[in-house]
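Quantities reported herein were computed from a predicted structural model and do not represent experimental measurements. Throughout, protein chains are lettered first and strands after them, A, B, ... in sequence-line order, and every chain is numbered starting at 1.
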Protein chains: 2
Amino acid sequence: MAGDKSEQTKDLVLQTALGMLRTRGYAKTTMRAIAAEAGVSLGSAYYYFASKDELVLELYRESVLEQRAAANTALAGRKGLSDRLKVALHAGVQALNPYHHFGGAFIASALPPHTAVNPFGAASTQAREEAIAIFADVIDGTKIPAYLRSQLPELLWLAYMGIVLFWVYDHSEDQRRTHTLIDGAAALIAKLVALSRLPVVKPLVEEALALKARVQS
Amino acid sequence: MAGDKSEQTKDLVLQTALGMLRTRGYAKTTMRAIAAEAGVSLGSAYYYFASKDELVLELYRESVLEQRAAANTALAGRKGLSDRLKVALHAGVQALNPYHHFGGAFIASALPPHTAVNPFGAASTQAREEAIAIFADVIDGTKIPAYLRSQLPELLWLAYMGIVLFWVYDHSEDQRRTHTLIDGAAALIAKLVALSRLPVVKPLVEEALALKARVQS
DNA sequence: ACTCATATTTGAACACGTTCAAATATGAGG
DNA sequence: CCTCATATTTGAACGTGTTCAAATATGAGT
């Protein structure tokens with residue numbers, strides 16, 4: 001049937017694009033270059049992918065899977081929220097490392113609300129849920145106050161987005177500053193979660209959760 | 001002398017660009033359109049401004065001045081951190097309102113590390129300091145624990161950047177959700193600052209400050 | 001007034017992402 | 001095998017930001 005050949009061509013374009021994005025970076029991965037390398041015409045590439053962003057979105061999706069896989073490996077045998085959070089975050093940004101030379105291009109094409117790659121947008125719902133699941137894995141088996149438990153993965157993901165943003169700008173060698181940030185932030189978050197049982201702190205956390213709910217609707 | 005005429009032309013291009021950006025938005029404000037409207041050639045526009053981003057940076061700078069002016073007006077007569085923070089933040093995003101239809105374009109051209117408009121980058125140092133000064137104004141005359149005082153403006157600016165990011169994506173009518181977020185966040189921050197005197201909370205805040213310092217170097 | 005180095009201006013040109021009408025291939029129904 | 005609607009492919013074209021060599025204007029030093 002036609003679907004088969006079509007599917008093959010689409011996949012050829014996609015794999016070519018992903019490969020070029022990884023090896024040559026965002027800027028040099030031109031739609032024309034992708035088409036040429038894949039041996040199809042420019043128009044054909046656009047027949048399967050409406051925009052370059054749509055191809056970058058695929059890369060983003062793959063990177064999230066890589067991040068989660070790396071995090072899960074790193075989580076094995078780790079106990080305690082602080083430790084688990086640390087290793088998951090380190091593994092996450094390490095999985096992102098091949099894309100650091102993208103510089104802002106990744107972020108730039110990711111953040112505009114109308115683009116497909118926007119991590120908060122509809123098109124990346126699936127990837128976002130996958131990313132949030134990383135932090136569901138992280139808190140799995142740790143002791144978290146019940147009133148906080150269900151919301152924590154999403155909150156941790158939000159913090160992770162902040163860390164990734166920091167990472168994008170981090171040009172220190174091997175992104176040392178990002179790793180410093182992760183160690184510190186993980187320890188802080190764990191302590192905050194522990195403190196969230198205390199009568200002085202609990203109302204504050206509850207208020208934050210209520211605000212989050214109010215703001216999302 | 002030559003500097004005069006040159007300065008005039010540069011200013012003509014700039015003012016034309018700012019006007020068009022405000023009225024027609026980012027996408028429709030083409031370098032060609034700017035040049036045509038200003039009555040100069042395309043090349044001339046580029047002689048004075050190396051990129052479109054550089055012109056957007058000027059708009060960003062102006063917007064920061066507007067934000068600060070609006071915040072200062074709103075701050076008059078307000079007492080208490082929560083209140084002052086609220087009115088300053090509301091005034092800030094309200095001053096940004098004319099640019100909301102920029103959508104992601106503003107952010108997109110602002111966030112890539114290499115571009116001029118990046119609020120964390122070197123090119124916008126001046127604008128960033130101006131923005132941070134807003135929050136120095138906010139805490140002026142309020143009671144803040146001494147160990148926290150000097151770092152607080154920058155921390156509040158960071159929180160504000162988060163709010164602006166939220167605002168970019170906020171398509172609720174009149175950005176109601178952003179204003180809800182501001183009210184809630186301001187109240188929370190004020191409570192957290194108050195709590196930061198307590199022996200249980202203080203070490204955590206101190207740890208956060210230490211991390212911030214460590215990560216910046 | 002003249003010279004000439006420098007400042008400014010110009011418009012063509014480039015590569016890019018994207019669109020589109022037209023050409024071609026495909027395959028189900030006869 | 002033929003027909004023809006539909007799926008796919010093509011390459012030219014558009015408008016964009018940006019670059020650049022060439023043309024022109026300017027003004028200080030003589």
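Residues B:Arg128 and B:Val64 are not in side-chain contact: their nearest non-hydrogen atoms beyond the backbone lie 4.5 Å or more apart. Side-chain atoms of A:Leu59 and A:Arg22, non-hydrogen and from C-beta on, do get closer than 4.5 Å to each other. Residues B:Arg61 and B:Leu57 have side chains in contact (heavy-atom distance under 4.5 Å, counting atoms from C-beta outward).
Between B:Thr9 and C:dT9 there is a side-chain polar atom (N or O) within less than 4.0 angstrom of OP1 or OP2. At the phosphate of D:dT8, neither OP1 nor OP2 sits under 4.0 Å from any side-chain N or O atom of A:Ser44. Between B:Ser41 and C:dG11 there is no side-chain N or O to OP1 or OP2 distance below 4.0 Å. Remark: A:Tyr47 is not in phosphate contact with C:dC20, judged by side-chain N or O atoms under 4.0 Å from OP1 or OP2. A:Tyr46 has no side-chain polar atom (N or O) that falls below the 4.0 Å cut-off from OP1 or OP2 of D:dT10.
Base pairing analysis places D:dT6 opposite C:dA25; the two distances defining the Watson-Crick or G-U wobble pair are each below 3.5 Å.
For the segment residues 15-25 of chain B, no residue has any heavy atom less than 4.0 angstrom from an atom of DNA chain D.
At least one test fails for B:Lys52 against the ring of B:Tyr46: distance under 6.0 Å to the centre or angle within 45° of the axis.
A straight line from CD of B:Gln8 to P of C:dT9 spans 11 Å, rounded to a whole angstrom. To the nearest angstrom, P of C:dC16 lies 11 Å from CD1 of A:Ile34.
Remark: A:Lys212 pairs with A:Gln151, A:Glu154, A:Leu155, A:Gln216 by the side chain to side chain contact (heavy atoms under 4.5 Å, CB included) rule, at least two apart or across chains. In terms of the side chain to side chain contact (heavy atoms under 4.5 Å, CB included) criterion, residue partners of B:Asp137 (sequence neighbours excluded) are, by chain and number, B:Arg68, B:Asn72, B:Leu75.
Toward the 5' end of DNA chain C, the nearer of the two residues A:Ala50 and B:Gly43, judged by each one's closest nucleotide, is B:Gly43.
Among the protein residues, B:Tyr48 comes within range of the sugar-phosphate backbone only, with heavy atoms under 4.0 Å from sugar or phosphate atoms but none that close to a base.
No N or O donor and acceptor, one from the side chain of B:Arg32 and one from the base of D:dG15, sit under 3.5 Å apart.
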